[in-house]
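Each chain gets a letter, A, B and so on, in the order its sequence line appears, and its residues count up from 1.
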There are 2 protein chains.
Amino acid sequence: MVSIKDIARIADVSVSTVSRIINNKKGVNLEKQARVLQAIKSTGYVPNKAARDMVMKRTFTVALIIPDTFNIFQRQLFSNIEHHLQKFGYRTVFYFVAMGPDGEDDCFQRVKSERTDGIIMLQEIQLHAFYEYLESNKIPCVITTFEKDEWTSTSIHVSEEEAAHAAVNHLIQLGHRRISLICGKRYSFSLERKRGYRNALEYAGLKYDENLVVYVDSYSVLSGGEGMRELMKRNTPFTAVFAVTDELAIGAMRELKDHGISVPQDVSIVGFDDIEISSFTIPRLTTIRQPLGEMAQTSVAMIHSLITSENHLNVNIAMPSQLIIRESTSTLNGNAQDGT
Amino acid sequence: MVSIKDIARIADVSVSTVSRIINNKKGVNLEKQARVLQAIKSTGYVPNKAARDMVMKRTFTVALIIPDTFNIFQRQLFSNIEHHLQKFGYRTVFYFVAMGPDGEDDCFQRVKSERTDGIIMLQEIQLHAFYEYLESNKIPCVITTFEKDEWTSTSIHVSEEEAAHAAVNHLIQLGHRRISLICGKRYSFSLERKRGYRNALEYAGLKYDENLVVYVDSYSVLSGGEGMRELMKRNTPFTAVFAVTDELAIGAMRELKDHGISVPQDVSIVGFDDIEISSFTIPRLTTIRQPLGEMAQTSVAMIHSLITSENHLNVNIAMPSQLIIRESTSTLNGNAQDGT
DNA sequence: CTGAAAGCGCTTACAG
DNA sequence: CTGAAAGCGCTTACAG
């Protein structure tokens, strides 16, 4: 494996000047520069990243922390972030963290051992020591898709509660009164979306009914089906449902279809996230669009600023979400069924 | 940032013995061991990966090369691979490569600079120098989801052509004679699936008709819709379609629906890959299942073996695929329309 | 069993 | 403008 010494030898200069040329420092003899460039070209030499990282105490990479069970929205988001990061010259390393203390600990070990320049978190981690570490070592960190109250950091997110409120209110405006909720207990986004659901109900003078809410284990299409099945078993009539993610909504629609219940004629349904596939389902899904591209772009702009600037001013950015009305919701009319 | 020297000082031993303890070498005084373990615990010390990588000339990570436009199947696959890699103690670093020479070159620079222990390729790269580099530096590499003829390496894949043949033959068995193809020109898998389509037709004594095949730019749901739109413009009647990926098929189904054409009553459709969502579409999609889990597992088993063993025996593994019949295909009956 | 020393491949003051 | 030297944080022979 060719090293900087080889280049120095071939070009008949010192390693210092090779290093200078590689790093575009000004003031090198043009003739020598030509010689080393030639040597680099002929050998295909590329500096060893590990060596450079060690001495510079910078890695030019940022870590992206995400749940190993990432859903489609998160996937679209991290693709986007990776792309922007690359434009800024950063590499991205993904830390997929498994549920529970062990997963978090693995992640923590990696941040300590790999020393990335910064961190973007798409998932909450509980481990207290983690935040202490970031703080005491002044490691730039931006949180995206949620906020963390106990920890001041810059975060980029949508007003989950408000957005969910808008989704449910859409259903209420259409005349629905018995609105089910499919949600989960993990991750703050679900809790907040549930709160938005509840608020919208109360705001409209509707009673919150535990029988109309079902909790599922994950936010996948499969869970959406399970949630709907559970709901239908309960014999509590409903004419609309708010699913806390699009995937859940898609699974729920599938299950309804299997029971001969039509969307939106019999039951209206609204999701959350506006993932790609949601404009292609049959029927197309009404949902809340998160400004994915903007969130990604802002996240990397912020992490870059945090990495390169002296004063770490933390900001909390709430981005606007938008209700996208498509085909899965309609007015409650006379022949709407009970969904049972 | 605490280093090995700090631990040595705190525990009052040499850095050598700290290193020995960290790396679980046998034969260290138990009392000293206790002291350094205590020091490590109290300081939260974790070895610097960059330093270790440099001196050991190993990184304990494998690179996963994938197209930056990865589709859902590829996403499921790389998630799976990452997971298995982790079980073997490897880290995964993703190289998303953009289409074209620049993208490939970036990727090549990264493999040269980051020196991963091995490489798993989910995407073909053309650059000749790349393979020369791998070869001359004896860098283990496994290719998954395709084969590369000019380059002997271990590869894991499905018999694309055969599988496509089976998909189209299913349509033929159902009585279809005018079968469209939605495919692309990029990536070998599409070419091979097209070949399977053609073979199946000829095998059944059916004529291959260019008017029935449409080429799309990507393998996304969006492109599926575009392909179908194009097909319908041509006024060439068809009663069935084979889409080279599930996403294409899903997009095509959506487009048909918009034109009031029912699947499978009017037109039958079969996809390829069996991505998760395909069991939840309306109607559920008939498709070819690739043994995703097995492919992932085998890929990492092979790369691990290549990394750890002396003799690099290359193997070419063809895994079985399976036709999954669901709701999007049915027999051609009297009232089937022409699809125009 | 254990420490001092050399070395991995770089970058960066420091002289000249 | 440029080279010799020190040093980054590790591991691994090599003595003892």
Side-chain angles (χ1 to χ4, degrees), chain A residues 1-37 39-40 43-61 89 91 109-117 137, chain B residues 1-37 39-40 43-61 89 91 109-117 137:
Chain A
M1 206 74 59
V2 23
S3 82
I4 195 171
K5 283 182 192 168
D6 299 313
I7 302 298
R9 189 173 33 72
I10 295 173
D12 194 30
V13 296
S14 72
V15 300
S16 310
T17 77
V18 176
S19 176
R20 285 188 191 99
I21 291 166
I22 290 169
N23 296 294
N24 301 308
K25 309 280 186 191
K26 70 283 167 187
V28 276
N29 181 324
L30 258 57
E31 203 206 327
K32 291 190 180 181
Q33 173 166 327
R35 289 214 304 273
V36 340
L37 256 23
I40 287 175
T43 57
Y45 168 73
V46 174
N48 181 320
K49 182 175 190 300
R52 178 178 255 174
D53 285 355
M54 186 182 70
V55 52
M56 297 187 77
K57 294 175 182 319
R58 275 202 59 181
T59 56
F60 306 95
T61 104
R91 289 168 176 167
Q109 295 303 102
R110 287 193 70 177
V111 341
K112 291 208 278 191
S113 108
E114 299 180 18
R115 320 266 165 100
T116 58
D117 292 353
N137 291 288
Chain B
M1 207 74 60
V2 23
S3 82
I4 196 171
K5 283 182 191 168
D6 299 313
I7 302 298
R9 189 173 33 72
I10 295 172
D12 194 28
V13 296
S14 72
V15 300
S16 310
T17 78
V18 176
S19 176
R20 286 190 189 98
I21 291 166
I22 291 169
N23 295 295
N24 301 308
K25 309 281 185 189
K26 70 281 168 188
V28 275
N29 182 325
L30 258 58
E31 202 206 325
K32 291 190 180 182
Q33 174 164 328
R35 289 214 304 274
V36 340
L37 255 25
I40 287 174
T43 56
Y45 168 72
V46 174
N48 180 321
K49 182 173 191 299
R52 179 178 254 172
D53 284 355
M54 186 183 71
V55 53
M56 298 186 76
K57 293 174 183 319
R58 275 201 61 182
T59 56
F60 306 96
T61 103
R91 288 169 176 168
Q109 293 303 102
R110 287 193 70 174
V111 341
K112 291 207 279 190
S113 109
E114 299 179 20
R115 320 267 165 99
T116 59
D117 292 354
N137 291 287

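Separating the CG atom of B/Asp6 from the C1' atom of D/dC10 is a distance of 13 Å, rounded to the nearest angstrom. Rounded to whole Å, the distance from CD1 on A/Ile21 to P on C/dT11 is 12 Å. One interatomic measurement links the two molecules: CD of B/Gln33 to P of C/dC1, which rounds to 12 Å at whole-angstrom precision. With rounding to whole Å, B/Arg58 atom CZ is found 11 Å from D/dT12 atom P. A/Ile4 has its CD1 atom 11 Å from the P atom of C/dG9, to the nearest Å. Between the CE atom of B/Met54 and the P atom of D/dG7 there is a distance of 15 Å, rounded to whole Å. In this structure, the CZ atom of A/Phe60 is 12 Å from the C1' atom of C/dC10, given to the nearest Å. Taking atom CD on B/Glu31 and atom C1' on C/dC1, their separation rounds to 13 Å, with Å as the unit.
Using a 4.0 Å cut-off, no side-chain N or O of A/Lys26 falls inside it from OP1 or OP2 of D/dT2. OP1 or OP2 of D/dG3 sits under 4.0 Å from a side-chain N or O of A/Lys32. Of the side-chain N and O atoms in A/Lys25, none sit less than 4.0 angstrom from OP1 or OP2 of C/dT11. OP1 or OP2 of D/dT11 sits under 4.0 Å from a side-chain N or O of B/Asn23.
Residue A/Arg20 has its side chain nearest to C/dC14 when only C/dT11, C/dC14, C/dT2 are considered. Among the nucleotides D/dT2, D/dC8, C/dG3, the one closest to any side-chain atom of A/Thr17 is D/dT2. For B/Ser14, counting side-chain heavy atoms from C-beta on, the closest listed nucleotide (C/dC10, C/dG3, D/dT2) is C/dG3. The listed nucleotides are C/dG9, D/dC10, D/dG3; the one nearest the side chain of A/Asn48 is C/dG9.
B/Val13 places none of its side-chain heavy atoms less than 4.5 Å from the side chain of B/Arg20. Inter-residue side-chain proximity for B/Asn48 and B/Ser3 is flagged as unmet; no heavy-atom pair is nearer than 4.5 Å.
As judged by a 4.0 angstrom heavy-atom cut-off over every strand, B/Asp53 is placed among residues making no nucleic acid contact. Looking at heavy-atom distances under 4.0 Å, B/Lys49 makes no contact with the nucleic acid at all. In this structure, B/Met56 reaches the sugar-phosphate backbone alone: every heavy-atom distance under 4.0 Å involves primed, P, OP1 or OP2 atoms, never a base. The residue B/Ser16 sits close to a base: some heavy atom pair falls under 4.0 Å.
Remark: the backbone N or O of B/Glu31 is paired with a side-chain donor or acceptor of B/Asn29 at under 3.5 angstrom. Side chain of B/Ser113 to main chain of A/Val46: no donor-acceptor pair is present (N/O by atom type, distance under 3.5 Å, no hydrogens or angles). Judged by distance alone, with hydrogens and angles left aside, the side-chain atoms of A/Lys57 form no donor-acceptor pair with the main-chain N or O of A/Arg115 at under 3.5 Å. Here the side chain of B/Lys32 pairs no donor or acceptor atom with the backbone of B/Ala11 at under 3.5 angstrom.
When each of A/Gly27 and A/Val15 is assigned the nucleotide of DNA chain D bearing its nearest heavy atom, the one mapping closer to the 5' terminus is A/Gly27. Take the nearest nucleotide of DNA chain C for A/Lys5 and for A/Ser19: the residue whose nucleotide is more 5' is A/Lys5. Annotation: of the two residues near DNA chain C, B/Arg115 and B/Asp12, the 5′-most nearest-nucleotide partner is B/Asp12.
Under the Watson-Crick and G-U wobble criteria, each requiring two contacts below 3.5 Å, nucleotide C/dA4 is left unpaired. Within the shown strands, nothing qualifies as a pairing partner of D/dA13 under the Watson-Crick or G-U definition with both distances less than 3.5 Å.
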